[in-house]
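This report concerns only the one structure given below.
Keep in mind that the numbers below use all heavy atoms, side chains included, and drop hydrogens, waters and symmetry copies. As the structure is a computational prediction, the values presented were derived from the model and not from experiment.
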Amino acid sequence: MYPVVKRALDVILALICLIALSPVFVAIAVAIVLDSGLPVLFRQKRIGVNRTTFRILKFRTMYVDTPRDTPTHQLENPDQYITRIGRFLRRTSLDELPQILNILVGDMSFVGPRPALWNQDDLVAEREKYGANQVRPGLTGWAQINGRDELPIDVKARLDGEYVRRMGFWMDVKCMLGTVTKAVTGDGVVEGGTGAFENTSGRPPKAGDRSFHA
């Protein structure tokens with residue numbers, strides 16, 4: 001029963017957010033254009049419910065001539081590709097706001113496992129063990145308030161599975177309130193989190209969402 005209620009709440013909340021945040025959307029779009037031109041949005045292939053694919057939306061935070069489909073950590077001096085406004089958007093997670101449109105059309109939910117990159121086969125496989133691929137991916141989730149980009153893939157998958165087991169209204173409220181704190185503090189954000197790829201620092205692979213040009 002809750003999945004039906006959850007979807008209805010997603011649609012209602014998405015419409016409210018789009019109306020209430022429309023000035024913020026406009027301000028960010030203008031800032032991006034003034035800083036680095038068009039386009040304003042960036043689209044990327046992600047894994048959705050039942051391992052289907054969709055195009056996630058983000059505000060563009062890197063220059064248009066950044067090599068595409070290249071892990072950020074594999075770029076030489078990746079900071080040079082991030083725009084001035086892009087650094088702020090990433091630090092505050094405001095670059096994720098266009099995903100409200102993904103929620104409205106049914107690709108995503110406000111709360112759920114963060115959608116894996118199209119080639120994060122190891123993360124998808126780990127999530128399969130816990131049934132975490134069978135729910136809509138989220139704008140935020142249980143893993144995001146318990147480590148975010150800092151989490152190894154196996155830990156993130158277990159947390160995603162825990163969310164699926166405990167999924168309910170109050171669990172979603174807890175995730176959303178925790179996300180506000182994370183966004184304000186920037187806690188757990190690792191620029192260029194490597195996801196399925198080994199990074200150059202020798203640390204274990206992360207399951208972050210910022211592995212690619214985004």
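Counting heavy atoms from C-beta on, the side chains of L104 and V11 come closer than 4.5 Å. Proximity of E162 to M167: side-chain heavy atoms (C-beta onward) are nowhere separated by under 4.5 Å. Y63 is listed as a side-chain neighbour of T83, based on a closest heavy-atom distance under 4.5 Å. With a 4.5 Å cut-off on side-chain heavy atoms, F54 and N102 count as touching. Between L57 and F42 there is no side-chain heavy-atom pair separated by less than 4.5 Å. Two residues are said to be in side-chain contact when any heavy atoms from C-beta on lie closer than 4.5 Å; K156 and Q144 meet this criterion. Proximity of Q99 to M108: side-chain heavy atoms (C-beta onward) are separated by under 4.5 Å at one or more points. Looking at heavy atoms from C-beta onward, S109 lies out of side-chain contact with L139 at the 4.5 angstrom threshold.
From R158, atom CZ reaches atom CD1 of I153 across 12.0 Å, with rounding to the nearest 0.5 Å. The structure places CD1 of I56 at 11.0 Å from CD1 of I47, a figure rounded to the nearest 0.5 Å. With values rounded to the nearest 0.5 angstrom, C175 atom SG is found 13.5 Å from W170 atom CH2. The structure places CG of L13 at 7.5 Å from CG of D10, a figure rounded to the nearest 0.5 Å. Note: I28 CD1 to L21 CG = 8.5 Å, rounded to the nearest 0.5 Å. Rounding to the nearest 0.5 Å places SG of C17 at 8.5 Å from CG of L97.
Between A14 and F110 the shortest heavy-atom distance is N-CE1, 3.6 Å. Across all non-hydrogen atoms, the minimal contact from P39 to I32 is O-CG2, 4.1 Å. For the pair G161 and A132, the tightest heavy-atom approach, listed with the atom from each and the gap, is N-CB, 4.3 Å.
Panel note: side chain R127, backbone N133; no donor-acceptor pair is recorded below 3.5 Å. K6 contributes a side-chain N or O that, together with a main-chain N or O of V111, makes up a donor-acceptor pair within less than 3.5 Å. Not a single donor-acceptor pair under 3.5 Å links the side chain of R114 to the backbone N or O of T140. The main-chain N or O of L123 is never found under 3.5 Å from a side-chain atom of E126 such that the two would form a donor-acceptor pair.
Hydrophobic cluster membership is shared by Y163 and I145, with clusters built from Ile, Leu, Val, Met, Phe, Trp and Tyr side chains linked at under 4.5 angstrom. Under the 4.5 Å side-chain contact rule for hydrophobic residues, V124 and W142 do not share a cluster. In the hydrophobic clustering of ILVMFWY residues, with side-chain heavy atoms under 4.5 Å counting as a link, V24 and L101 come out together.
Applying the ring pair (Phe, Tyr, Trp, His ring centres under 6.0 Å) criterion to F25, with sequence neighbours excluded, gives F59. Remark: R84 engages D35 in a side-chain hydrogen bond (donor to acceptor under 3.5 Å, both in side chains) (not counting sequence neighbours). Residues satisfying the side-chain hydrogen bond (donor to acceptor under 3.5 Å, both in side chains) test with R55, not counting sequence neighbours, are none.
In this structure, R46 is not positioned above the aromatic face of W118 in the sense of NZ or CZ being under 6.0 Å from the six-membered ring centre and within 45° of the axis.
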Start with the C-alpha gap between E128 and R51, add the side-chain angles, then the distance that decides, and say whether salt bridge (charged side-chain N to carboxylate O under 4.0 Å, His left out) holds. CA-CA 9 Å; E128 193 68 23; R51 303 176 76 161; 3.5 Å; yes
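None of R91, R90, K58 except one satisfies the salt bridge (charged side-chain N to carboxylate O under 4.0 Å, His left out) rule with E96; the exception is K58.
A donor-acceptor pair shorter than 3.5 Å cannot be found between the side chains of T61 and D95.
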